[in-house]
Structure formats: structure tokens, C-alpha cells
Amino acid sequence: MLRSVEIAAVVRQAADDAGFDLVGIAPVDDTPELQYFPQWIADGHAGEMKYLEARDEQGRLKRASLAHAVPWARSVIVCAINYNTAHPYSTQVPDCSKKDRGWISRYAWGPQDYHESVMPRFRQVEAALRKSCGADCGAQEQGNDLITRCYVDTGPIIERIAAKYAGLGWIGKNTCIINQKIGSWLFLGVILTSLDFGANAPGSRSEFGVPAPDRCGSCTRCIDACPTDALIAPYQLDSNKCIAYLTIEKRGAIAEELREGMGRHVFGCDICQDVCPWNRKAPATNAAEFQPRADLVNPALEWLAEISAEEFRARFRESPVRRAKRSGLRRNAVIAMGNSGDQKFLPLLGRLSDDEDEVVRESAARAAKRLGNLIIE
Ligand code: B12
Ligand code: SF4
Ligand code: SF4
């Protein structure tokens with residue numbers, strides 16, 4: 001029978017073969033970071049992302065305890081892949097030179113949604129794990145079948161906490177996982193498994209990663225740079241104020257007082273990672289699926305504001321941008337126009353103030369007003 005040390009070696013090799021940059025294994029434990037989660041939810045910091053509040057039959061928050069949510073799980077294999085490409089950060093492009101352009105987060109520049117490009121890699125690691133166990137799997141010896149589940153985003157688990165305990169990096173004050181060597185431009189995902197990697201080595205948790213020490217030190221660059229003060233304290237993010245949430249997840253109108261801080265962001269936000277010193281020398285990947293589509297780096301705001309339903313479907317069918325929906329993307333582009341200070345947008349904003357979409361209509365009227373042209377009130 002393969003020992004846990006050998007199975008862990010198979011997992012590491014499979015992750016490497018699948019193109020992951022980092023891999024580690026975490027035990028299923030109720031770690032101290034999980035204690036913050038119920039309060040975060042109670043404080044309303046999840047905004048309208050109701051799925052984060054999913055509860056079990058006893059009324060416990062599923063994400064607050066993996067041990068409760070997935071009782072068969074004994075360990076979590078966490079893999080990460082670097083999606084950084086050799087293009088300037090949003091903070092390196094002076095606003096004045098691109099004031100008529102929007103900004104899409106670097107994670108969404110590629111031709112494919114990361115869920116689709118990363119999941120097959122997890123399946124590859126999962127298959128190698130299952131093969132290595134075969135009939136020799138320790139779980140089977142106990143009369144159970146080996147159970148595995150792969151998740152990228154969608155599992156009842158806070159992936160960054162698992163990543164920390166798998167040894168992939170520390171949770172920064174911007175709440176992102178940062179690896180000392182490659183920074184934070186990482187997609188994470190997990191394989192929950194019923195295998196206990198400590199079981200075959202009594203008294204030893206040696207197959208599990210050791211959490212990296214917090215290397216933020218006295219730095220507060222991310223907190224200082226966040227334009228909407230969404231990092232309300234170190235390691236604490238209020239989604240309601242976060243541009244990533246506002247531009248991607250939030251439906252309907254965006255609170256007036258947050259619009260200015262959104263700047264030219266039309267999908268996601270990278271600022272708290274752009275300014276992080278640990279990303280200064282972040283390596284760039286050559287993987288084809290993460291190379292940017294030219295139309296998504298500094299996209300023209302007019303294009304996005306006027307995009308037809310048909311073009312939206314065609315251009316964003318496989319892109320993460322489709323999550324904002326057409327209405328959200330157009331709303332965001334209109335708000336960015338209002339922030340641009342560029343009077344050339346006034347005629348278009350005037351037209352969009354009569355748009356059939358109520359959210360676009362209201363946002364355009366406000367944006368036009370902001371550009372100095374009193375259209376409403
Ligand atoms: C919901 C969600 C969001 C929300 C909320 C973000 C958030 N910080 O929680 C929004 C839409 C805002 C968002 C934005 C982004 N996201 Co997101 N998101 C998720 C998702 C689906 C769930 C996260 C979650 O459960 N949050 C709950 C809160 C409570 O967790 P938390 O803020 O991380 O806080 C924990 C720690 O900070 C911890 N903690 C640690 N130490 C300390 C110390 C103290 C004193 C305290 C109080 C707390 C504390 O306490 C909390 C746990 O209770 C995950 C995937 C997953 N299933 O995990 C991806 C994920 C976290 N997102 C990811 C990415 C890439 C992004 C963006 C970069 C996308 C973009 N460019 O726009 C931004 C980054 C913004 C940011 N600074 O976090 C990656 C993270 C990669 C990385 N390197 O960390 C993930 C893992 C997706 C993936 N599969 O790769 N995201
Ligand atoms: S993603 Fe942008 S808005 Fe959200 S916390 Fe980071 S800097 Fe602030
Ligand atoms: S900017 Fe500074 S405080 Fe923020 S995550 Fe990076 S190192 Fe930590």
C-alpha cells in the first residue's frame with residue numbers, strides 16, 4: 001500500500017504536470033481565521049452574495065467549518081496557478097493617458113473563463129491521486145471508497161484559508177494569498193479528499209504544508225491605495241465598497257458616493273495587488289489561455305457602453321466578463337465616462353440617459369451631470 005508520503009509525492013508531480021505553480025495539502029481543521037467569518041457575514045460584508053451565507057440543516061454557516069459542511073473530508077489539496085502576464089499594472093498607466101478607456105482586471109483578460117481553464121488541471125491531479133490510491137487506498141482499507149471533489153470558487157470552503165494552511169502563502173492585509181516568490185496573481189482551487197495524509201504516519205502531519213509567515217510587516221500600501229476604503233481594517237474587506245464586487249457582482253444601481261472611487265474600472269479591480277511590493281517582481285506566465293485579448297486591455301468605453309446584446313454574447317461567451325451581465329458592464333462603462341473628465345462623452349451620455357435599461361439610464365444621467373452638463377433634477 002502506498003504511504004501518505006508517496007501519495008503526496010504523486011499529487012505534487014501531477015500538479016506540476018498539470019501546469020500548476022504551487023501545490024500543498026492542508027488538514028481539515030477549524031483554523032483561527034474561520035472564526036472571523038460569521039461576524040463578517042453578520043456585519044453584512046458579503047453584500048448581496050447570498051451564496052456565501054449558505055447554511056446547513058442546523059443553521060450553521062457552511063463556509064465557517066469544512067468539518068461540518070463536508071464530514072467525510074480529511075484533507076484539502078490546494079493548487080495555484082499564476083495568471084500574471086507581461087503588461088503594465090493599472091497603477092502604472094497614468095489615468096490622464098487613458099482617460100477615455102476602461103480597465104478590466106488582469107484576471108479577466110484571457111480568452112477563457114478561469115473556471116473552465118483551471119478545472120481540467122484539477123481533474124488531472126484528481127485522476128492521478130485516484131490512480132495512485134487504486135485498491136491500495138488507505139480509505140478503502142477502512143471499508144470506504146476514496147472520495148474526492150474539485151472546486152474552483154464554488155465549494156463550501158474559503159480557499160485562501162486552505163491555501164495558507166497548505167503552505168502556499170500568507171493572507172495579506174489586502175486579504176489575498178501572497179506567495180513570497182511569485183506574488184498574488186494566483187487562481188486557487190481545491191480538491192477535497194477523504195484521505196488523511198497524516199493517518200499513515202502516526203504522530204506526524206509532515207505531508208501537510210506549513211503556513212507561511214505573514215510578511216506584510218508594517219506595510220499598509222493596499223489599505224492606503226484602495227480608492228473606496230473597502231479594506232476597512234487589515235485583513236478585512238467590506239464587499240459593499242469593493243470595486244471588484246461593485247463592477248462584477250452588484251446588480252442594479254451603484255451607490256452615488258462610491259461611483260467616483262470606481263475611476264475607470266469597468267470589471268474587477270487590481271489596485272490593492274498592483275501596489276503590493278510582493279508583486280513588484282511577479283513572474284509572467286506564457287500559458288496561452290492567460291494571454292490577454294487585445295480588446296480587453298484598456299477597452300474603449302464607448303464600445304462597452306453601447307454594446308448590443310448580440311455582441312455581448314458573442315464577445316464574452318467564454319470570458320469571465322459575462323458575469324457582470326450586459327447591463328452591469330454598460331452601467332460600469334457609463335460611470336467610468338462620468339469619472340473621465342472628458343467632455344467628448346457628453347453626447348453619448350445624453351443619448352444613454354434615454355436608454356431602455358433603467359440602470360444604464362440613471363447612471364448615464366448622473367455621469368453626464370458629473371461631467372458638468374445638468375440633465376436631470
Ligand atoms: C466572494 C469572493 C470575492 C468577493 C469578496 C472578497 C473577499 N475578500 O472575501 C469579491 C467580489 C469582492 C472578490 C474580489 C476579488 N477576488 Co474573489 N473570491 C471570492 C470567493 C468566491 C469567496 C471568498 C470568501 O469566502 N470570502 C469571505 C471573507 C470573509 O474572506 P476574506 O475576506 O478572504 O477574509 C478572511 C481572512 O482575511 C481572514 N483573516 C485572516 N487574518 C485575519 C486577521 C484579522 C484580524 C481578521 C479580522 C481577519 C483575518 O478572515 C477571513 C475569513 O473569515 C473566493 C473563492 C473561494 N471559494 O474562496 C474568490 C477569491 C478569493 N477571489 C480571488 C480573486 C482573484 C479576486 C480578485 C483579485 C478579482 C479582481 N481582480 O477583481 C478580487 C480581489 C479583492 C480582494 N482584495 O479580495 C481569488 C484569490 C486569489 C488570491 N491570490 O488570493 C479567489 C480565491 C478565487 C480563485 N478561485 O482563485 N472576491
Ligand atoms: S480590489 Fe480594489 S476596491 Fe477592492 S479592496 Fe482592492 S483596491 Fe479596494
Ligand atoms: S500591500 Fe503591503 S500590507 Fe498590503 S498585502 Fe501587500 S505587503 Fe501586505
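In this text, all values refer to a predicted model and were calculated from it rather than measured experimentally. Numbering of ligands and ligand atoms starts at 1, following listing order.
Nearest to atom 65 (C) of ligand 1 by heavy atom, out of Trp185, Tyr151, Tyr83, is Tyr83. Of the listed options Leu188, Ile104, Ile41, Leu188 places a heavy atom closest to atom 90 (O) of ligand 1. Scanning Ile158, Leu52, Asp43 for the heavy atom closest to atom 22 (C) of ligand 1 points to Leu52. Of the candidates Tyr245, Tyr51, Phe187, the one placing a heavy atom closest to atom 1 (C) of ligand 1 is Tyr51.
With ligand atoms numbered from 1 in the order given, ligand 3 contributes 5 (S) to contacts under 4.0 Å with heavy atoms of Ile178. Each of the atoms 7 (S) of ligand 3 lies under 4.0 Å from some heavy atom of Trp278. Heavy-atom contacts of Cys219 reach the following atoms of ligand 3: 1 (S), 2 (Fe), 3 (S), 7 (S) (cutoff under 4.0 Å). Ligand 3 places these atoms under 4.0 Å from at least one heavy atom of Cys222: 1 (S), 3 (S), 4 (Fe), 5 (S).
Taking distance alone, with nitrogen or oxygen atoms compared against 3.5 Å, Glu33 approaches ligand 1 more closely than that limit. Note: an N/O pair closer than 3.5 Å links Asn174 and ligand 1 by distance alone. Checked by distance only, ligand 1 and Arg63 stay at 3.5 Å or farther apart across all their nitrogen or oxygen atoms. Considering backbone and side-chain N/O atoms, Tyr107 never comes within less than 3.5 Å of an N/O atom of ligand 1. Where the criterion is an N or O separation shorter than 3.5 Å, residue side chain and backbone included, Thr154 fails it with respect to ligand 1. In terms of polar-atom proximity, defined here as any N/O pair under 3.5 Å, Cys272 makes no such contact with ligand 1.
Under a 4.0 angstrom heavy-atom cut-off, Gly189 registers as lying outside contact with ligand 1. Ligand 1 has no atom lying under 4.0 Å from any heavy atom of Lys164.
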Tabulate below the donor-acceptor pairs under 3.5 Å that side-chain atoms of residues 223-230 make, not counting sequence neighbours, or state none.
| from | atom 1 | to | atom 2 | distance (Å) |
| --- | --- | --- | --- | --- |
| Asp224 | OD2 | Thr220 | OG1 | 2.9 |
| Thr228 | OG1 | Lys241 | O | 2.6 |

Could you pull out every donor-acceptor pair under 3.5 Å between side chains of residues 180-188 and any protein atom, sequence neighbours left out?
| from | atom 1 | to | atom 2 | distance (Å) |
| --- | --- | --- | --- | --- |
| Gln180 | OE1 | Arg215 | NE | 3.3 |
| Gln180 | OE1 | Arg215 | NH2 | 3.2 |
| Ser184 | OG | Gln273 | OE1 | 2.7 |
| Ser184 | OG | Asn279 | ND2 | 3.0 |
| Trp185 | NE1 | Tyr89 | OH | 3.1 |

N/O donor-acceptor pairs under 3.5 Å from side chains in residues 40-52, not counting sequence neighbours:
| from | atom 1 | to | atom 2 | distance (Å) |
| --- | --- | --- | --- | --- |
| Trp40 | NE1 | Leu237 | O | 2.8 |
| Asp43 | OD1 | Gln39 | NE2 | 2.9 |
| Glu48 | OE2 | Lys250 | NZ | 3.2 |

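The protein atom (non-hydrogen) at minimum distance from atom 8 (N) of ligand 1 is Arg160 NH2, 2.8 Å. Residue, atom and distance of the protein heavy atom nearest to atom 34 (O) of ligand 1 are Tyr235 O, 4.3 Å. If you check which protein heavy atom lies closest to atom 8 (Fe) of ligand 3, you get Cys216 SG, 2.3 Å. In terms of protein heavy-atom proximity, atom 45 (C) of ligand 1 is closest to Tyr36 OH, 3.8 Å. Nearest protein neighbour of atom 84 (O) of ligand 1, counting heavy atoms only, is Ile177 N, 2.8 Å. The nearest heavy-atom contact from the protein to atom 6 (Fe) of ligand 3 is Cys276 SG, 2.4 Å. Taking atom 15 (C) of ligand 1 as the reference point, the nearest protein heavy-atom neighbour is Ala244 CB, 4.3 Å. Protein heavy atom nearest atom 71 (N) of ligand 1, with residue, atom name and distance: Ser105 OG, 2.8 Å. The single protein non-hydrogen atom nearest to atom 57 (N) of ligand 1 is Asp153 O, 3.0 Å, given as residue, atom name and distance. Here the heavy atom of the protein found nearest to atom 81 (C) of ligand 1 is Leu186 O, 3.2 Å.
With Arg101 contributing its side chain and Asn298 its backbone, the two residues share a donor-acceptor pair below 3.5 Å. Distance alone, capped at 3.5 Å, places no donor-acceptor pair between the Asp196 side chain and the Arg74 backbone. Proximity of a side-chain donor or acceptor of Ser75 to a complementary backbone N or O of Leu195 within less than 3.5 Å is detected. Checked by atom type and distance alone, the side chain of Arg322 pairs as donor or acceptor with a backbone atom of Arg317 at under 3.5 Å. The closest donor-acceptor contact from the side chain of Glu53 to the backbone of Leu61 lies at 3.5 Å or more, if one exists at all.
By the 4.0 Å N-to-carboxylate-O rule, Arg351 lies close enough to Glu306 to be salt-bridged with it. Ion pairing between Glu126 and Arg130 fails under the 4.0 Å rule for side-chain N and carboxylate O. Taking a cutoff of 4.0 Å between a charged side-chain nitrogen and a carboxylate oxygen, Asp295 and Arg315 qualify as a salt bridge.
Here the options are Arg330, Arg326, Arg331, the test is salt bridge (Lys or Arg N to Asp or Glu O under 4.0 Å), and the partner is Asp355; only Arg330 passes.
Residue contacts with ligand 3, taken as heavy atom pairs separated by less than 4.0 Å, do not involve Ile223 at all. With a heavy-atom cut-off of 4.0 Å, Ile161 touches ligand 1 through its side chain alone.
The closest side-chain donor-acceptor pair between His115 and Asp153 falls under 3.5 angstrom. A side-chain donor-acceptor contact under 3.5 Å links Asn84 and Arg106. For the residue pair Gln236 / Tyr36, no side-chain donor-acceptor distance below 3.5 Å is found, with atom types taken as modelled.
At a cut-off of 2.8 Å, measuring from atom 4 (Fe) of ligand 2, the protein N, O or S atoms that fall short of it are Cys242 SG, waters left aside.
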